[in-house]
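Okay, structure first, notes after.
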Amino acid sequence: MEYNFKKTEQQSKQFWKEQKVYKVENDPSRRKYYVLDMFPYPSGAGLHVGHPLGYIASDIFARFKTMKGYNVLHPMGFDAFGLPAEQYALETGQHPAVTTEKNIARYKEQLDNSGFNYDWAREVRTSDPAYYKWTQWIFLQLFESWFNRSTQKAEPVSTLIAILKKEGNSHHPLPSGKERLITAEEWQNATGSERRNILMEYRLAYLDYAEVWWCEALGTVLANDEVINGVSERGGHPVEKKKMRQWFLRITEYADRLTSSLNDLDWSEAMKEMQKNWIGKSEGASVLFDIQGSDKKLEVFTTRPDTIFGVDFMVLAPEHELVNEITANTDKNTVEEYITYVKSRSERERMMEKKISGAFTGAYAVHPFNGKSIPIWISEYVLAGYGTGAIMAVPSGDERDFAFAQHFNIPVTNIFGEQFNGEGVITDKNIPLHNSDFINGLNAQEALPVILSEIESKGIGKRKINYKLRDAGFSRQRYWGEPFPIVYKNGIPYAINEPEAALTEEQQQLPVTLPHIENYKPGPQGEGPLANISEWVTLTNTKGETLKRETNTMPGYAGSSWYFLRYMNPANDTTFADRNATDYWNQVDLYIGGTEHAVGHLLYSRMWTKVLSDLGWIGFDEPFKKLLNQGMIGGNSRLVYRISGTQQFVSAGLKDKYTTDAIHVDVNIVDGVELDIDKFKSWREEYRNATFILEDGRYICGTLLEKMSKRYYNVVNPDDIIGQYGADTFRMYEMFLGPVEMGKPWDTKGIEGVHRFLKKFWRLFYDEQQGWIVTDGEPAENELKAMHKSIKKIESDTGKLALNTAVSQFMICVNELSDMHCHKRHILDPLVRLIAPYAPHIAEFLWQQLGHSGSVVHAAFPQWEEQYVTENTKRYPVAINGKARTEMEFALDADPARIETEVLANPAVQKWTEGKEIKKFIYVKGKMLNVVVG
RNA sequence: GCGGGUGUGGUGAAAUUGGUAGACACGCUAGACUUAGGAUCUAGUGCCGCGAGGCUUGGGGGUUCGAGUCCCUCCACCCGCACCA
């Protein structure tokens, strides 16, 4: 019997199922390890060959850790709420619950085919009421909390109420930055709804009438990270700014903590940078400028207050609230025209072509130090959403200001002396300032504290930290998501369990279940489909009042922001996860997933974790200790060339002689680059009578590396690969392709090598003629050496997640053992355990064949013995007075005193050092030996 | 423009972190066994050269006895952000 992967895999799977080997217990007596994959969204297309890359790596690592004695949690679940299922429902009328269920079943089947070690009893689905009950509960935690800037922590709103009652908000300004002082007296005199409005300004989940990204095509609002280059991330539809009443998460309050605690995380620099850039912390000052002929003041944010003597003009965003008020009558027309022009430009246009444009308002600001008049302009290069929506322009020190000044012929003040030649701007912070009154001669670092204290003492501004990060939109006008546990009474939102809402016991219960609907069309006035179900929306409370439910649903990232906690205690119905469970499993030790979630999911889950930690529900405030980003596996497309206007196809090498159209052809009907002409003819009706111009009797296809996608016909399904070569080959090949974090195009060709290796491995145990050939003989030294070398290398590679080189080492080891005709149990037994994380099916099968009673899943990872591993010697050059003279061999860990003796005894060294005094021996990095003679 | 990353055979990639560059595999060439092989095994395979030998890690320069690895500089590609004041 040759290596029959179908049989071994089926038997092993059966065995695992019967023995329940993947059951995971919360066992505090054992040291834990938590390996997590970013759970998939179960799309209709199923998994392609690129998806499992990370899953395989995490599975190998989880199995490895288990065999090293850890209690390992390596769960899997589904991010099951979301837009695509609903879009599909709109097109086909199939209920999202039905398609989601179907897709999950398909995904699970595919995942099981690869032999992953999930304990499906711990599966979570974000669309499951038993799960989203707790998503809603956490939302209420956010709603009922505020961020206390003094303690830098989330606290229940009750502590805020106590503070407001006692001292008003003088020590706790509104998070939005709006200047509004509330005294204790005002608070006492405020009505119930006024108080609620004030509290709303502080809540971590809050309702606000604010500008959001609206996507007409998707019929919903999107978060900033869901909008890419001015179009929606999903579908690439245009988006526009729109003012709507929306739920938001006050993530900006955590901006500082989210930035600073990145330092403690074992994430790639790229990933940390992306988050830092997204949060965009910048330190500077806000400065108030008087406006001539107005009692209003103009507030700007600048990171370079030291350049304040170089201000030549001010620029406001066209949407700035002061624009109307300050514009001089003579300039009204130009300004209005300009604003109309700006409004006519779509977000996308604005980003694509950055034109210098603007208009003068006719108004002037007053320089706070020298009283100079400064013209006030408006321009779209100043963004309403950042800082104060207004800047002081310093053309000699800022590219954009300079370009603007040049374009509109605004005279430029030089504050850098000879360094500034009127052509390029000066951004170097070491250049001393000129023309700058009391900070003349100081460079930026020196001038900064001086000017800041001057600004602060004059009361015209203060130090300020600004963030790019915006509060996250949390409402979606969609059906397939978590309903909010919120009701409205006279337009004021209440949590369903608040006494003021006076709901019945039953109405107060979580979850607020998503009702079944048949019609997915949007509701009236930009509301979601839920607004169409009046019997669900309207409810009567115990006082007989009529209340309305929130009809929006939560965004996709709600459920995924905390799912890693649910795996720890998935069936709990009294809390989201028991504190004992979260204390035990604690942080995710290794999190594997793609970079596409850099600023979305990864930021939101970090925030939620911090909030839950602040409120004392969990004992850690960062969710993912180590993050590994697997590379994307790209598609390797095949092209055929059709002579334009015909059904004649020309082979790639000859295509330049004709005018051709390149057409994607299904990679599955191409062998390497050679097209299977018969399969091609039956692939599509239109090609049935195609004719071909061949080269050397073959039709050669063109190749193209691009995204793996249905529409390029370059999708390779793991099921096909597993069907042809088996899951063990598939797993090892994916790892063999290269480092997990590196992206690469899929190429099926090389898989033969891995498959051959497994067949060879099998032949160590089984011989065609003699059957099972494992013997009990004592192993020879060289056999032990081969084995222990591999154990050492593979253990260290696996630990470092260098899984590609580990696979290579397996091949080396098996090649050596088969050259030695080694079939000894003493060698093969450890080898089976060694390979078990990588090729679990064949390992289990052989483990049973070797007569063990338990599963290899619970066997111990083999230990290497130093005596068989250490290389004895290595050749090093011995240099004399810095020049290489001779090479000698030394034991790697030899005693330095012995090396010195040996070196001096060497004839070549004696010859060069003859008659000279030996001054000293130098070990370079503990390896290279230098002899210095006098 | 800013930030991060990568450049090594025909291909995917290794390199004990400054110590014999190209492990391991694909592919290719020859051969063996075979009715046959897309099974298996053996040998070869960075480039130039008949050869001795020489050259070689994107280009150039440097440090070092010694550089794929460290420093400077230029080039190319990939990813992220992008009027963020």
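Note that the structure is a prediction, hence the values are computed from the model and not measured.
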Per [X] side chain, nearest of listed nucleotides [options]:
X: I812(A); options: G12(B), A85(B), A23(B); result: A23(B)
X: N815(A); options: G4(B), A25(B), A85(B); result: A25(B)
X: M811(A); options: A85(B), A25(B), A13(B); result: A25(B)
X: E269(A); options: G80(B), G4(B), A85(B); result: G4(B)
X: N804(A); options: A14(B), C24(B), A85(B); result: A14(B)

For nucleotides 40-43 of chain B, tabulate all protein N/O to nucleotide N/O atom pairs closer than 3.5 Å, reporting atom names and distance.
| residue | atom | partner | partner atom | Å |
| --- | --- | --- | --- | --- |
| U40(B) | O3' | R763(A) | NH2 | 3.3 |
| C41(B) | OP1 | R763(A) | NH2 | 3.1 |

message: Using the P atom as the point on both nucleotides, what is the distance between G44(B) and C26(B), in whole Å?
response: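 Each nucleotide's P atom is 16 Å from the other's.
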First encountered from the 5' end of RNA chain B, between E273(A) and M742(A):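 Result: E273(A).
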- prompt: 5'-most contact on RNA chain B: V807(A) or M392(A), nearest heavy atom basis?
  reply: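 It is V807(A) whose nearest nucleotide is closer to the 5' end.
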message: If you compare every side-chain N and O of N277(A) against the phosphate oxygens of G80(B) (OP1, OP2), does one of them come in below 4.0 Å?
response: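 Checking N277(A) against G80(B): no side-chain N or O falls below 4.0 Å of OP1 or OP2.
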query: Think S268(A) has a side-chain N or O under 4.0 angstrom from the OP1 or OP2 of G4(B)?
result: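 No.
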query: Where each pair must be Watson-Crick or G-U wobble with both distances under 3.5 Å, what dot-bracket representation of RNA chain B is obtained, with crossing pairs in [ ] and other-strand partners as |?
result: (((((((..(((......[....)))((((((.......))))))(((....)))..(((((..]....))))))))))))....
message: Could you check whether K272(A) makes a cation-pi contact with W267(A), meaning its NZ or CZ is under 6.0 Å from the centre of the six-membered ring and within 45° of the ring axis?
response: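 Not satisfied by the 6.0 Å and 45° rule.
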- prompt: Between F757(A) and T729(A), is any pair of side-chain heavy atoms under 4.5 Å apart?
  reply: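 Heavy-atom side-chain distance check fails, nothing below 4.5 Å.
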